[in-house]
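Let me begin by presenting the structure, written as structure tokens, before commenting on it.
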Amino acid sequence: MSFGWSIILLCPLVLFDVAGTSSGSFRQLPSSTIKPGFPVPVKTSDPGVRKAARYGVYTYNNVSNDIFLFKESCINKAMVQIVSGLKYNLDVDIGRTVCTKRKHPRLDRCHFQKRKKLRQTFRCYFEVWLTPWLQRVEVLVSHCQ
């Protein structure tokens, strides 16, 4: 029985590691709202949310037939759930960039299309599951319209 409790107690440690700041210190998430298995809202500016959104966009770009890459323009809503890692449920707007797929540039350096005929945006729902101790990321759901 104590083994099961040690697993539950380790979950917040994983959460702190993933949500760590660039300065090396860790942010404390409110323990009253973080419960294994229950999705809770999280700020859209959170680094973990932004990273999960980028994985969702990479998945979209890999299956899209568009010659241009898309990137996230706005993260509208984000929820996180502790499930043998972290599962992010994201509502994201993505927009077409000026970068083509052939050149494989970094998305951070790609600007959005300015030409009216080439501008295009989609609303996407992504479910992204991060398992940091296995260094694994899976995009479970990628639906854009």
With the 4.5 Å side-chain cut-off for hydrophobic clustering, are Val141 and Val80 part of the same group?
-> no
Residues pairing under disulfide (SG to SG under 2.5 Å) where one sits in residues 114-145, two or more places apart or in two chains, turn out to be Cys124-Cys144
Looking at side-chain heavy atoms only, is the closest gap between Lys116 and Arg119 below 4.5 Å?
-> yes
Does Phe112 offer a backbone N or O that forms a donor-acceptor pair with the side chain of Arg96 under 3.5 Å?
-> no
Atom pair SG/CD1 of Cys74 and Ile94 - distance to nearest 0.5 Å = 12.5 Å
In terms of heavy-atom contacts, Trp133 and Gly85 come closest through CH2-N, 3.4 Å
Output for pair (Gln113 CD, Leu118 CG), nearest 0.5 Å, gives 4.5 Å
Closest approach of Gly56 to Ser142 (non-hydrogen atoms, all atoms of both residues) | O-OG, 4.3 Å
Could you go step by step and tell me if Leu130 and Gln135 meet the side chain to side chain contact (heavy atoms under 4.5 Å, CB included) rule?
-> CA-CA 8 Å; Leu130 286 100; Gln135 297 179 351; over 6 Å; no
Ile75 vs Val49 side-chain heavy atoms within contact, under 4.5 Å | yes
Who pairs with Arg50 by salt bridge (Lys or Arg N to Asp or Glu O under 4.0 Å), at least two apart in sequence or on another chain?
-> none
Val92 and side-chain contact (heavy atoms from CB on, under 4.5 Å): which partner among Phe126, Phe122, Tyr125?
-> Phe126
Answer with yes or no whether the hydrophobic clustering places Tyr88 together with Met79; edges join I, L, V, M, F, W, Y residues whose side-chain heavy atoms lie under 4.5 Å apart.
-> no
Separation between CG (Asp66) and CD (Gln120), nearest 0.5 Å, reads 6.0 Å
Determine the minimum heavy-atom distance between Asn89 and Pro39, stating which atoms define it.
-> ND2-CB, 4.3 Å
Do the side chains of Lys51 and Val128 get nearer than 4.5 Å, heavy atoms only?
-> no
Rounded distance [0.5 Å steps], CG in Leu90 versus OG1 in Thr44 = 10.0 Å
Strictly under 6.0 Å, is that where the ring centroids of Tyr60 and Phe70 end up?
-> yes
Please name the pair of heavy atoms, one in Gly95 and one in Thr121, separated by the smallest distance, quoted to 0.1 Å.
-> CA-CG2, 4.2 Å
Any side-chain heavy atom of Thr100 within less than 4.5 Å of one from Leu69?
-> no
Does Ser84 offer a backbone N or O that forms a donor-acceptor pair with the side chain of Trp129 under 3.5 Å?
-> yes
For atom NZ of Lys101, is the number of surrounding heavy atoms from other residues, nucleotides or ligands below 6.0 Å larger than 12?
-> yes
Over all atoms of both residues, closest heavy-atom pair of Thr97 and Lys71 = CG2-CG, 3.8 Å
For Asp93, the side chain to side chain donor-acceptor pair (under 3.5 Å) test, sequence neighbours excluded, returns Asn76, Arg123
Considering all heavy atoms, the nearest Tyr55-Val139 contact | O-CG2, 3.7 Å
Mark yes when over 12 heavy atoms from residues, nucleotides or ligands other than Arg136 sit less than 6.0 Å from its CZ; otherwise mark no.
-> yes
